[in-house]
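What follows is a single structure, written as structure tokens, with notes after it.
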Number of protein chains: 2
Amino acid sequence: MRWQDYESDSCSIARALASLGDRWTVLILRDLFNGVHRFDELLDHLGVSRDVLSRRLAAMVEDGIVERRPYREDGSRPRSDYHLTPAGRELQPVLIALLHWGDRHRATEDGPPTRLEHVGCGGEVGLRLTCSEGHDVARREVANRPQAGARLRTRVSA
Amino acid sequence: MRWQDYESDSCSIARALASLGDRWTVLILRDLFNGVHRFDELLDHLGVSRDVLSRRLAAMVEDGIVERRPYREDGSRPRSDYHLTPAGRELQPVLIALLHWGDRHRATEDGPPTRLEHVGCGGEVGLRLTCSEGHDVARREVANRPQAGARLRTRVSA
DNA sequence: CAGTATCCCAAGCGATACTG
DNA sequence: CAGTATCGCTTGGGATACTG
């Protein structure tokens, strides 16, 4: 059975992209990971318009990757800020993978502005492919195998 | 120095997204990884329009992540198909990270249609965070530290 | 400060027709 | 088969003004 025989939309990559697919979502996530949580700080740092940021955050809340937290500082009006949900935090590997690729293939002359550090030891953080049997896995040793229950395409023609 | 003080656009994630940011690019990469290389096969499997696929592929070639390979089968007219460049192949971790997240958080009742296998041993392939000192790294132990040469924002106001 | 509402524009997409 | 050209539409985005 070939890969083409499986419905494109049922693929988990396609489904993940439905949550991340537009121009700003990933950058918002990045800033949330980096400790920017207030509306106007995001606005300022991202350079996005108020309107779009508002719509994007609402969509991300709806989608379960961001939550809105109301709070009140003593004496001042109630505020809210935005934090990653557990599902949102699990997108960290996606961001790290993007970061590494960008570092390697899209760096400026100045080099990347930041570096991912292992807190404590100070080593540089990277991603490694491993398998459930404990092996290290090389890029070419990865195969995408059909599973039981996979949804086949309904052929339109022929 | 806070993260906000760094220019959003100089971040490697932002730069990587410039290559991957639109709706179809990642899905095309996915199909190329899975052995779909001909124009009409991609067309058929992705459900994208001819026009958009043509423009996307051209942009990806321009961008250095896909290459076009002309070939000729005996007796028939010359053809070409599309393959990942080395830079394109290095996007594999991004796709794998998306796949895992989709598996975990966006699966259908049927479960994911495919499974990433370590060729040979048959184990399931996963991503792990490691550091250059050889430690395993937990999610919360990752810090994004400024580097020398990082580009600061030119403050517009105040 | 933290948004929502309104309005307009441009890019991206799809359908279709056409070419080598 | 493998595209390019044309067209019209939809959607996402920006600017601005308004509200609690």
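Numbered from 1 within each chain, the chains take letters A, B, ... in sequence-line order.
When Watson-Crick and G-U wobble pairs are counted only if both distances are under 3.5 Å, dG8(D) pairs with dC13(C).
For R23(B) and dG14(C), the shortest distance from a side-chain N or O to OP1 or OP2 is below 4.0 Å. An OP1 or OP2 oxygen of dA2(C) is reached within less than 4.0 angstrom by a side-chain nitrogen or oxygen of R38(A). In this model, the phosphate group of dG3(C) is approached by a side-chain N or O of S80(A) to a distance below 4.0 Å at OP1 or OP2. The side chain of R68(A) contributes an N or O atom lying less than 4.0 Å from OP1 or OP2 of dG3(C).
The existence of a salt bridge linking D103(A) and R15(B) is excluded, since no basic side-chain nitrogen approaches an acidic carboxylate oxygen closer than 4.0 Å.
Where R50(A) and D22(A) each meet DNA chain D at their nearest nucleotide, the meeting point lying more 5' is that of D22(A). Heavy-atom nearest nucleotides on DNA chain D were determined for D81(B) and for D51(A), and the one closer to the 5' end corresponds to D81(B).
Between the CZ atom of R69(B) and the P atom of dA2(D) there is a distance of 16 Å, given to the nearest Å. In this structure, CG of L53(B) is placed 14 Å from P of dC1(D), rounded to the nearest angstrom. Atom pair R55(B):CZ and dG12(C):P shows a separation of 8 Å (rounding to whole Å applied). For R56(A) and dG14(D), the CZ to P distance is 12 Å, given to the nearest whole Å. Distance CG (L43(B)) to P (dT16(C)): 13 Å, rounded to an integer number of Å. When rounded to the nearest whole Å, the span between CG of L46(B) and P of dG14(C) equals 10 Å. Look at CG on D40(B): it is 18 Å from P on dG20(C), rounded to the nearest Å. Between the CG atom of D44(B) and the C1' atom of dG3(D) there is a distance of 16 Å, rounded to whole Å.
The only member of L32(B), I28(B), D31(B) that meets side chain to side chain contact (heavy atoms under 4.5 Å, CB included) when paired with Y82(B) is L32(B).
Between atom CZ of residue R30(B) and atom OG of residue S8(A) there is a gap of 3.5 Å, rounded to the nearest 0.5 Å. Put simply, CD on E7(A) and OG1 on T108(B) are 9.5 Å apart, with the number rounded to the nearest 0.5 Å.
Looking at H45(A), its side chain does come within 3.5 Å of a backbone N or O of Y6(B) through a donor-acceptor pair.
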